[in-house]
Colleague: 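Pasting a structure here, questions to come.
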Amino acid sequence: MIKLYGAPMSPYFNKVKIALLEKGVKFEEVLQRPSQEPDVLARSPMGKIPFVEVNGHAISESTAILEWLEDAYPTAALLPPTPNGRARARESMLVIDLYLVPACAPLTRHLVFGRELSDSARAEADAALRRGLAALERLADFGPWLVGEYFSFADISAASALPQIAHATQALLGQNLLELLPGADDYLALLRKRHSIARTWDDKDAFLAGMDKA
């Protein structure tokens, strides 16, 4: 059985979780914080989450894990059938993972952990998120999925990141910046209809509620 290490507050953890659920692969979730402890570094060289263990073999970095899943379980494909479609799905996933998630991170850390958020950091997050969302709009198709007719890596990353961006920007910037992405509301409603995404979102909400009570 695959073991998935991380925490439901992490978009990258949820990205892998959705992919596992989509593939119908049995897995066990193991709560794990980022760490520089030797046993974690042996499985995740940067000490980051998520990482997985597959029969004693460790894989870190969420995109590498998704690529492994696509190779190991080619049914229920998570990439379009054409080279151009596959490239566009990967490109959109990377825009979300590399530009939107990190840009939102200071806002999320403030909301979840009470970390300091200066006015300058708030302004930087606002500008970076606007730039990233503009880039995503240039790639988006919503036909009906993010980059066309096939549910893909792009949608998995979007499902993992966009609700968090909506919540954090509304709470801390005074505007839900997803309003800048035409079609986002209908798209999020469509994502919610997928069992893998609904379960992951609900599990994340339950986890955060539990943190609030702790």
Side-chain angles (χ1 to χ4, degrees), residues 1-79 89-90 93-94 96-98 100-102 104-105 108-109 111-113 145 150-165 167 188 190-214:
M1 178 182 290
I2 295 173
K3 290 186 177 182
L4 170 61
Y5 292 81
M9 71 185 68
S10 163
Y12 303 116
F13 174 89
N14 289 328
K15 173 181 163 184
V16 175
K17 180 173 176 175
I18 292 168
L20 286 164
L21 290 168
E22 286 286 332
K23 292 288 188 181
V25 179
K26 290 184 178 180
F27 67 99
E28 174 188 352
E29 295 179 57
V30 182
L31 191 62
Q32 173 67 57
R33 295 180 179 181
S35 172
Q36 294 299 299
E37 292 297 322
D39 64 321
V40 173
L41 293 175
R43 293 170 291 174
S44 176
M46 289 296 292
K48 301 194 306 181
I49 57 170
F51 59 91
V52 298
E53 282 185 336
V54 186
N55 298 325
H57 177 72
I59 309 169
S60 62
E61 302 295 341
S62 62
T63 295
I65 297 168
L66 260 63
E67 295 285 1
W68 179 86
L69 282 169
E70 193 70 0
D71 288 340
Y73 301 93
T75 56
L78 297 176
L79 285 169
R90 290 181 169 110
M93 172 183 65
L94 289 171
I96 295 167
D97 288 359
L98 297 179
L100 289 176
V101 173
C104 190
T108 301
R109 286 194 290 266
L111 288 172
V112 176
F113 301 111
W145 300 110
Y150 297 99
F151 181 86
S152 72
F153 285 5
D155 301 290
I156 292 173
S157 280
S160 302
L162 296 188
Q164 187 168 307
I165 291 169
H167 173 67
L188 289 175
L190 181 64
L191 288 173
R192 165 63 83 172
K193 292 179 180 179
R194 287 189 90 88
H195 168 73
S196 63
I197 293 171
R199 173 178 160 181
T200 300
W201 286 356
D202 290 344
D203 288 351
K204 175 189 173 184
D205 290 345
F207 183 81
L208 291 173
M211 287 183 61
D212 289 341
K213 294 177 182 178

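In this chain, numbering begins with 1 at the start of the sequence shown. What you are looking at is a predicted structure, and each value in this text was computed from that prediction instead of being measured.
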Colleague: Taking all heavy atoms of I96 and all of A154, pick out the closest pair and write down the distance.
Modeller: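 Looks like CD1-O, 3.8 Å.
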
Colleague: Quick check: do F51 and V16 have side-chain heavy atoms less than 4.5 Å from each other?
Modeller: no

Colleague: Checking E70 side chain against L78 main chain: does a donor-acceptor pair fall under 3.5 Å?
Modeller: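 Yes; at least one donor-acceptor contact below 3.5 Å.
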
Colleague: Quick one: does any side-chain atom of D205 pair with a main-chain N or O of D202 as donor and acceptor, under 3.5 Å?
Modeller: no

Colleague: Please give me the minimum heavy-atom distance between M93 and S157, naming the atom from each residue.
Modeller: CG-OG, 3.1 Å

Colleague: So how far is it from C104 SG to R109 CZ, rounded to the nearest 0.5 Å?
Modeller: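 C104 atom SG to R109 atom CZ measures 10.0 Å (nearest 0.5 Å).
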
Colleague: Tell me which one of R194, R199, H195, K193 satisfies side-chain contact (heavy atoms from CB on, under 4.5 Å) with I197.
Modeller: R194

Colleague: Going by atom types only, do S62 and K15 share a side-chain donor-acceptor pair under 3.5 Å?
Modeller: yes

Colleague: Checking T200 against N14: is there a side-chain donor and acceptor pair closer than 3.5 Å?
Modeller: no

Colleague: So R90 and E67, do their side chains get closer than 4.5 Å, heavy atoms only?
Modeller: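 Yes, side chains in contact.
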
Colleague: What's the separation between atom OG in S60 and atom CD1 in I65, rounded to the nearest 0.5 Å?
Modeller: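 Rounded to the nearest 0.5 Å, the OG-CD1 separation comes out at 7.0 Å.
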
Colleague: Quick one: closest heavy-atom pair of G6 and F13, and the distance?
Modeller: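 Scanning both residues completely, I find the closest heavy atoms to be CA-CD1, 3.4 Å.
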
Colleague: Parallel under 30°, tilted from 30 to 60°, perpendicular over 60°: which one fits the rings of Y73 and W68?
Modeller: perpendicular

Colleague: Determine yes or no for a side-chain-to-main-chain donor-acceptor pair under 3.5 angstrom, with Q36 supplying the side chain and M46 the backbone.
Modeller: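 Checked: pair present.
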
Colleague: Side chain to side chain contact (heavy atoms under 4.5 Å, CB included), that's the test. Do W145 and L191 meet it? Break it down for me.
Modeller: CA-CA 9 Å; W145 300 110; L191 288 173; 3.8 Å; yes

Colleague: Flag the pair F113 / T108 as yes when at least one side-chain heavy-atom distance between them is below 4.5 Å, and no otherwise.
Modeller: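 The answer is no; the side chains never approach within 4.5 Å.
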
Colleague: What is the minimum heavy-atom distance between A7 and L31, and which atoms define it?
Modeller: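 Closest pair (atom of A7, atom of L31, distance): CB-CD1, 3.9 Å.
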
Colleague: If you define the side chain from C-beta out and look only at heavy atoms, does anything of K48 sit under 4.5 Å from E61?
Modeller: yes

Colleague: Quick check: do I49 and Y12 have side-chain heavy atoms less than 4.5 Å from each other?
Modeller: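 The answer is no; the side chains never approach within 4.5 Å.
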
